[in-house]
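Working notes, structure below.
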Amino acid sequence: MSNIRHALNVKREEDFAKWYQEVISAADLAEESGVRGCMVIKPWGYGIWERIQRLMDDRIKQAGVQNTYFPIFIPLANFEREAAHVEGFAKEMAVVTHHRLIADGKGGLIPDPEAKLEEPLVVRPTSETIIGDAMSRWVQSWRDLPLMLNQWANVVRWEMRTRMFLRTSEFLWQEGHTAHATREDALEETHRALEMYRACVEEDLALPVIAGEKPENERFPGADETWSIEAMMQDGKALQAGTSHYLGTNFAQAANIQYQDREGTQQHCHTTSWGTSTRLVGGLVMTHGDDDGLRVPPRVAPHQVIILPILRDKPEDDALLAYCEDLRAGLAKHQALGEPVRVLLDKMPGKASAKRWDWVRKGAPIILEVGPRDMENGKVAAIRRDTLWNTESGKLATEFVSRDVFVSGIGQLLEDIQDSLFREASDRRDANITRGVTEWKDVVQFYKSNGKYPGWVEVQWSKPTGSALEKVVEQLKAEKLTIRNVPRGSEPADGVCIFTGEKAVERILVARAY
RNA sequence: CGGGGAGUGGCGCAGCCAGGUAGCGCACCUGUUUUGGGUACAGGGGGUCGGAGGUUCGAAUCCUCUCUCCCCGACCA
């Protein structure tokens with residue numbers, strides 16, 4: 001318990017924001033770059049992102065969506081077309097105005113005034129406009145629909161305040177863009193993407209989420225409907241982990257995406273867009289991290305098993321390494337969670353004990369220590385990252401098991417870890433959603449008295465619009481609260497609106513958010 | 001972008017108020033010791049003190065400007 005000596009210097013309960021940063025650096029995920037709001041993603045962090053990409057990409061392709069790549073630069077005129085979109089993004093755009101540098105005469109360089117672009121290019125904050133432009137050329141007939149595209153790319157949004165992975169000026173993501181003949185088809189796609197995100201994030205990243213529709217004030221600029229999956233972090237705040245938008249015909253009208261229907265008349269397409277980003281890595285940290293660093297769920301772990309030979313700089317090391325290599329090959333032949341087990345034999349020089357703590361902080365699901373005596377006895381010393389400590393003794397809960405038993409059970413073990421991480425997170429999430437609050441003062445009181453771990457509150461409302469909604473948003477803002485979403489498939493409303501006192505029409509989740 | 005805080009070897013910090021030419025812990029390297037393990041001891045390497053300009057005989061320390069990061073707010077994935 002208290003005698004446990006943790007691998008990090010900051011504990012979650014002491015200072016969650018500081019702890020988060022320490023995990024990012026201690027787990028070797030990323031570091032500051034010196035460029036405002038931009039980060040360098042290091043091998044372990046990028047490896048996790050690559051796993052997410054891989055699993056998400058498989059799901060995207062299974063749905064019949066094709067990958068493409070569009071330019072990072074968007075002509076200003078192109079970007080200007082959709083009014084709400086412009087209004088939403090204009091204030092956070094990076095703009096390219098010159099194409100050449102010249103010496104400033106003081107040993108430095110400045111943009112060449114002679115090389116000013118006739119029309120500035122904006123760095124994409126998202127690609128609806130430029131992809132819409134292509135769609136207008138690619139779609140002619142109802143036979144061309146649906147057109148379903150995706151791209152993996154970087155985007156730039158000039159953020160006021162940034163946080164590693166959660167909100168950076170440049171981030172990596174996937175953006176799906178589809179065009180359909182009818183509203184029904186586009187809505188179906190919007191929900192299909194949302195469900196795909198729910199499944200990927202819950203099953204692969206082990207982050208329990210609540211899928212639902214965003215209220216009007218939280219909609220994507222230019223969307224008719226915005227849906228999200230919301231995950232609860234360990235400090236009780238909500239993290240939007242993925243969004244899916246039904247764009248109506250707004251972008252189709254702006255970009256002139258039309259098709260000729262079976263009757264020969266021109267119709268505007270109904271489009272959708274949906275995205276998930278490197279923010280998911282931040283969600284992984286704030287959901288599965290503990291006071292010893294990160295815990296990576298096996299499905300997204302670049303390496304699921306780390307073999308650490310206890311090398312002693314002696315001739316016997318060769319035999320031990322051969323034994324470990326044999327162990328590695330044996331494990332790699334097994335399947336876990338539908339894929340070959342990913343094993344790393346860490347032969348890097350250095351003390352095994354120091355390397356063990358490095359892997360603990362990084363969150364490799366299983367660490368195997370193999371010394372000469374293990375080799376002799378045919379055993380391995382196995383450490384499960386998700387249940388690291390023996391809380392009674394305050395020591396690591398290392399298990400000495402027979403090598404053969406361990407190898408044949410690896411698939412089941414990794415599955416157990418994946419499941420238990422998800423269960424731990426979803427139990428915590430469920431325990432911290434409070435339902436049945438009917439008075440606004442109780443909501444205020446709730447957040448006053450649960451400052452450390454606010455959690456979420458479900459309330460009923462009358463779904464006001466326009467200025468009435470603005471008033472509600474102001475009221476929430478005063479308590480640092482936001483409406484997360486209207487959970488999909490929740491019970492119908494049966495009370496009165498907590499804000500207006502009118503008859504309630506639906507249930508919403510209220511929370512503090514990242 | 002407003003308010004507050006901070007940038008000193010890889011990490012965490014002291015020194016700055018009362019200018020004199022850089023220090024501690026961890027990590028790292030070498031050696032010895034130890035060997036079911038976050039070992040111990042000894043020796044050693046590494047920093048133009050975020051950057052630029054200024055004051056001064058002399059600046060990590062004082063002044064000006066600037067960049068970056070953190071916290072709070074406004075904005076947002």
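Below, all heavy atoms of this structure are taken into account, side chains as well, without hydrogens, waters or symmetry copies. Chain A is the first sequence line, chain B the second, and so forth, proteins listed ahead of strands; every chain is numbered from 1.
Ring orientation note: the planes of A:His191 and A:Trp227 are nearly perpendicular, at an angle over 60° on the 30°/60° scale. Ring orientation note: the planes of A:Phe171 and A:Trp173 are nearly perpendicular, at an angle over 60° on the 30°/60° scale.
A salt bridge links A:Arg488 and A:Glu195; the closest N-O separation between the charged side-chain nitrogens and carboxylate oxygens is under 4.0 Å. The pair A:Asp290-A:Arg385 meets the salt-bridge criterion, since a charged nitrogen lies less than 4.0 angstrom from a carboxylate oxygen. The pair A:Asp235-A:Arg12 does not count as a salt bridge, with every side-chain nitrogen at least 4.0 angstrom from each carboxylate oxygen.
A straight line from CE of A:Met160 to C1' of B:G2 spans 11 Å, rounded to a whole angstrom. The separation between A:Ile24 atom CD1 and B:C70 atom P is 11 Å, rounded to whole Å. Here the P atom of nucleotide B:A74 and the CZ atom of A:Arg161 are 10 Å apart, to the nearest Å. Atom CG in A:Leu308 sits roughly 13 Å away from atom C1' in B:G38 (whole-Å rounding). Rounding to whole angstrom units, CZ of residue A:Arg36 and P of B:G7 are separated by 19 Å. Between the NZ atom of A:Lys351 and the C1' atom of B:C26 there is a distance of 11 Å, rounded to whole Å. The interatomic distance linking A:Glu92 (CD) with B:A74 (C1') rounds to 13 Å, in whole Å. What separates CD of A:Glu170 from C1' of B:U68 is a distance of 17 Å, to the nearest Å.
With a cut-off of 3.5 Å on both pairing distances, the Watson-Crick or G-U wobble partner of B:C26 is B:G10. Across all strands shown, B:C1 pairs with B:G73; the Watson-Crick or G-U wobble distances both stay below 3.5 Å. Pair assignment for B:G37: none, as no Watson-Crick or G-U wobble contacts are both less than 3.5 Å.
Between A:Met375 and A:Phe165, the residue anchored nearer the 5' end of RNA chain B, judged by the nucleotide with its closest heavy atom, is A:Met375. The nearest heavy atom of RNA chain B to A:Gln240 and to A:Cys38 marks one nucleotide each, and the one closer to the 5' end goes with A:Cys38.
Here the CD atom belonging to A:Gln240 is positioned 5.0 Å from the CD atom belonging to A:Glu230, to the nearest 0.5 angstrom.
Contacts of A:Trp389 with the nucleic acid, taken as non-hydrogen atoms under 4.0 Å apart, include base atoms. No contact: A:Thr278 has no heavy atom under 4.0 Å from any strand. Residue-level contact check: A:Lys18 touches neither bases nor backbone, having no heavy atom under 4.0 Å from any strand. A:Leu239 comes within 4.0 angstrom of no nucleic acid atom, judged by non-hydrogen atoms across all strands. Within 4.0 Å (heavy atoms only), A:Gly282 reaches no atom of the nucleic acid at all. Across all strands shown, A:Thr243 has no heavy atoms under 4.0 Å from either base or sugar-phosphate atoms. Within 4.0 Å of A:Val35, counting heavy atoms only, lie sugar-phosphate atoms of the nucleic acid but no base atom. Residue contacts shown for A:Tyr514 are absent, as no nucleic acid heavy atom lies under 4.0 Å away. Across all strands, A:Arg163 comes closer than 4.0 Å only to sugar-phosphate atoms, never to a base (heavy-atom distances). A:Lys477 comes within 4.0 angstrom of sugar-phosphate atoms only, judged by non-hydrogen atoms across all strands, and of no base. If you check every strand for non-hydrogen atoms under 4.0 Å, A:Phe400 touches a base. If you check every strand for non-hydrogen atoms under 4.0 Å, A:Glu159 touches a base. At a threshold of 4.0 angstrom between heavy atoms, the contacts of A:Glu369 include nucleobase atoms, whether or not backbone atoms are also involved. No contact: A:Lys355 has no heavy atom under 4.0 Å from any strand.
Rounded to a whole angstrom, the distance from the P atom of B:U61 to that of B:G4 is 22 Å. When the C1' atom is compared between B:G51 and B:C67, the two are found 7 Å apart, to the nearest whole Å. One C1' atom belongs to B:G47, the other to B:U21, and the distance between them is 14 Å to the nearest Å. Nucleotides B:C29 and B:A18 are separated by 40 Å at their C1' atoms, to the nearest Å. The separation of B:U33 from B:G37, taken at their C1' atoms, amounts to 15 Å, rounded to a whole angstrom. For B:G53 and B:A6, the C1' atoms lie 22 Å apart once the distance is rounded to whole Å. Comparing B:U8 with B:C62, their P atoms sit 16 Å apart, to the nearest whole Å. As rounded to the nearest Å, B:G7 and B:C49 have C1' atoms that lie 10 Å from one another.
In summary, the side chains of A:Trp359 and A:Asp346 do present a donor paired with an acceptor at a separation below 3.5 Å, with no hydrogens or angles considered. For the residue pair A:Thr243 and A:Ser228, no side-chain donor N or O sits within less than 3.5 Å of a side-chain acceptor on the partner.
Here A:Ser353 reaches the OP1 or OP2 of B:U39: one of its side-chain N or O atoms lies under 4.0 Å away. Between A:Arg167 and B:C76, a side-chain N or O to OP1/OP2 separation shorter than 4.0 Å is absent. Checking the phosphate oxygens (OP1, OP2) of B:G73, a side-chain nitrogen or oxygen of A:Lys480 falls inside 4.0 Å.
The side chain of A:Ala381 lies closest to B:G36 when the candidates are B:C76, B:C70, B:G36. Proximity note for A:Asp374 (side chain, C-beta onward) versus B:G38, B:G36, B:C75: the nearest is B:G36. Closest to the side chain of A:Arg373, from the set B:C71, B:G36, B:G38, is B:G36.
In the interface, the side chain of A:Arg356 is not paired with the base of B:G38 through any donor and acceptor atom under 3.5 Å apart. In this model, no side-chain donor or acceptor of A:Asn9 finds a partner on the base of B:G12 within 3.5 Å.
A ring-centre distance under 6.0 Å is not found for A:His177 and A:Phe251.
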